[in-house]
Amino acid sequence: MIEVRNISKRFGKVVVLDDVSLTIENGETFVIIGQSGAGKTTILRHIAGFFDPDNGDVLIDGIKMNGAGSGKKMLLREKMGFLFQSGALINWLNVKENVALPLVEHKLGTKGEIDKIVDEKLRLLQLDDAADKMPSDISGGMKKRVGLARAIVRNPEIILYDEPTSGLDPVMSAKIDELILRMQRELGVTSVVVTHDMESAYRIADRIAMLYQGSIIECGTPDQIRGSVNPYVRQFIEGKLTGPIDV
Amino acid sequence: MKDIVRNYQSDIYGMFSSVGERMLYQIKFSGFTLILIFNTFIQLRYAFSKRREIVKQMYVSGVKSMLVCSIVALFGGMILSLHSGVELKKWGQQDVVPILMINVMNKEMGSFLTAIILTAFSGAAMAAEIGTMKVSEEIDALEMMSINPVKYLVMPRIVSMMIMLPTLSIYTVVLGVFGGAVVSYFQLGLTFEDYYHRVYESIWLKDMYVGLLKSLVFAIIISSISCANGLMAQNGALGVGRATRISVVSSYLMVLIIGYFITSLFYGGFV
Ligand SMILES: Nc1ncnc2c1ncn2[C@@H]1O[C@H](COP(=O)(O)OP(=O)(O)OP(=O)(O)O)[C@@H](O)[C@H]1O
Ligand SMILES: [Mg+2]
């Protein structure tokens, strides 16, 4: 279970998160939507322990992430995977070595075993052909899929996705959505997904929260969000130019 | 009038606060660098398992800078001996040139020249490489995989520099002294044999180990400052450029300052 309790965060004078609280149950797929710059990535980074909030706490299975020492953070992160917005591949390792990196560095298996796991993940994300390519030689969407393969290679219990489907074609997006659903169904993975893509949000979410100017303004099931009467939410999910949101 | 005074005031406030900010940043940065060095020494126990990476870094910093190192050492030695030789020859003292050369190269110029070259070559590369990783979330990705960036990135770079800088500075000393020999032969009328004997007579063990100690300290300074700048890079490509520039400048300054203190520690009458 991920508990975010009343966190606030400021960068300089800008308040990026203002008293945000979320509770994400085990096995749930929780989607965070909101405009660019609303603070979505910042929430994920708090959950992963890269930022400590100015106020409030972040708890992973009851253990406090903020303020924990680097050893404790390392332990907590062992059960997490993070898909970064840009993929964040190590640029001097090829695709296969990138995916294998967490296994190799922690010596989780022999070379043969690691190869087998990596091949399986690459096949899952249709990356077999790119296995020997360098990150600079593949497209943005492929980088994202490699990043995803790397995030799931240690079979984490919690996966944090930062815009998993941006930069992917509709078919690939549907495929990633299916993968997220399948990991939830078969492995009971808890997912926190940040996205702009409403179609994908409706497909995968158990619950959706909308972030606006650093606060959660609405949180509910996809159907509740679809039927929301909040003008901000309506404008966002319908993608209208007119409404209360400044554009 | 009031407005002007108020603007003036806020300018002064702004000036002080920006000076203060810079100072705070410097203190924070120095602390960060010291902690980084400390952490690197803790991670040294993994040096053997990271030997491939260390050798790769040694190749990058050492072998690739070999040509430049050779030219700088050779011509540095030639310039030094030419200047001193021409003056000394007026007094018939050109025999002193070999003694001068080995002393200057061993005590000071060997490690100093090499440090300058390696700062430009691998210090800058380290800051740029790690800085790029920082701004493209790769360092975060490492931490997310529970991989310690100090163990994975910083320690191999510092260790490789600690091996390559002393090695290259011995090479620089030899080549610099050789450059002096060439000038002495062609311009000052000393035979190679004479030169060699005089050099051999004036090699002191103390000069050698102080020189090597210096190059070892320089290695730690350059690599840790460069890695620290890389790790603290912010704001995209612009920040990477800034980190690289600052790491080169501060490495030069620290090499000069610390170099002076080591010299004064060993030759200033304290020891
Ligand atoms: N490390 C940082 N230092 C300073 N400001 C930051 C930092 N990280 C984020 N911000 C600021 O916080 C705000 C929210 O950023 P965040 O990355 O969370 O947005 P986002 O919702 O993920 O947007 P996008 O959809 O474009 O990725 C932005 O205004 C950004 O400039
Ligand atoms: Mg974002």
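Values in this document were obtained by computation on a predicted structure and should not be read as measured data. Reminder, nothing fancy here: chain letters follow the sequence lines and each chain counts from 1.
The two atoms that bring B:Glu138 and A:Leu89 nearest to each other are CD-O, 2.9 Å, heavy atoms only. The two residues A:His106 and B:Ser146 make their nearest non-hydrogen contact at CE1-O, 3.1 Å.
Here the side chain of A:Arg150 pairs no donor or acceptor atom with the backbone of B:Met145 at under 3.5 angstrom. Side-chain N or O atoms of B:Ser136 include none that pairs as donor or acceptor with a backbone N or O of A:Ala88 at under 3.5 Å.
Contact of the A:Glu105 side chain with the B:Leu142 side chain is not registered, since no non-hydrogen atoms from C-beta on lie closer than 4.5 Å. You'll find the side chain of A:Ile90 reaches within 4.5 Å of the side chain of B:Met133, heavy atoms only.
Around CZ of A:Arg154, the count of heavy atoms belonging to other residues, nucleotides or ligands within 6.0 Å exceeds 12. Counted within 6.0 Å of CG on B:Leu238, heavy atoms from surrounding residues, nucleotides or ligands total 12 or fewer; the atom is thus considered open. Heavy-atom neighbours of B:Tyr59 OH from other residues, nucleotides or ligands within 6.0 Å: at or below the threshold of 12. Within 6.0 Å of the CZ atom in B:Arg45, the count of heavy atoms belonging to other residues, nucleotides or ligands exceeds 12.
Contacts between B:Glu129 and chain A at a heavy-atom distance below 4.5 Å involve the side chain alone, from C-beta outward. Heavy atoms of A:Phe50 lying under 4.5 Å from chain B belong exclusively to its side chain.
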Next item on the list: Given side chain to side chain contact (heavy atoms under 4.5 Å, CB included), test A:Trp92 with B:Lys56 step by step and report yes or no.
Entry: CA-CA 12 Å; A:Trp92 65 79; B:Lys56 191 181 127 195; 3.7 Å; yes

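Annotation: the span from B:Asp140 atom CG to A:Ser86 atom OG amounts to 9.5 Å, rounded to 0.5 Å.
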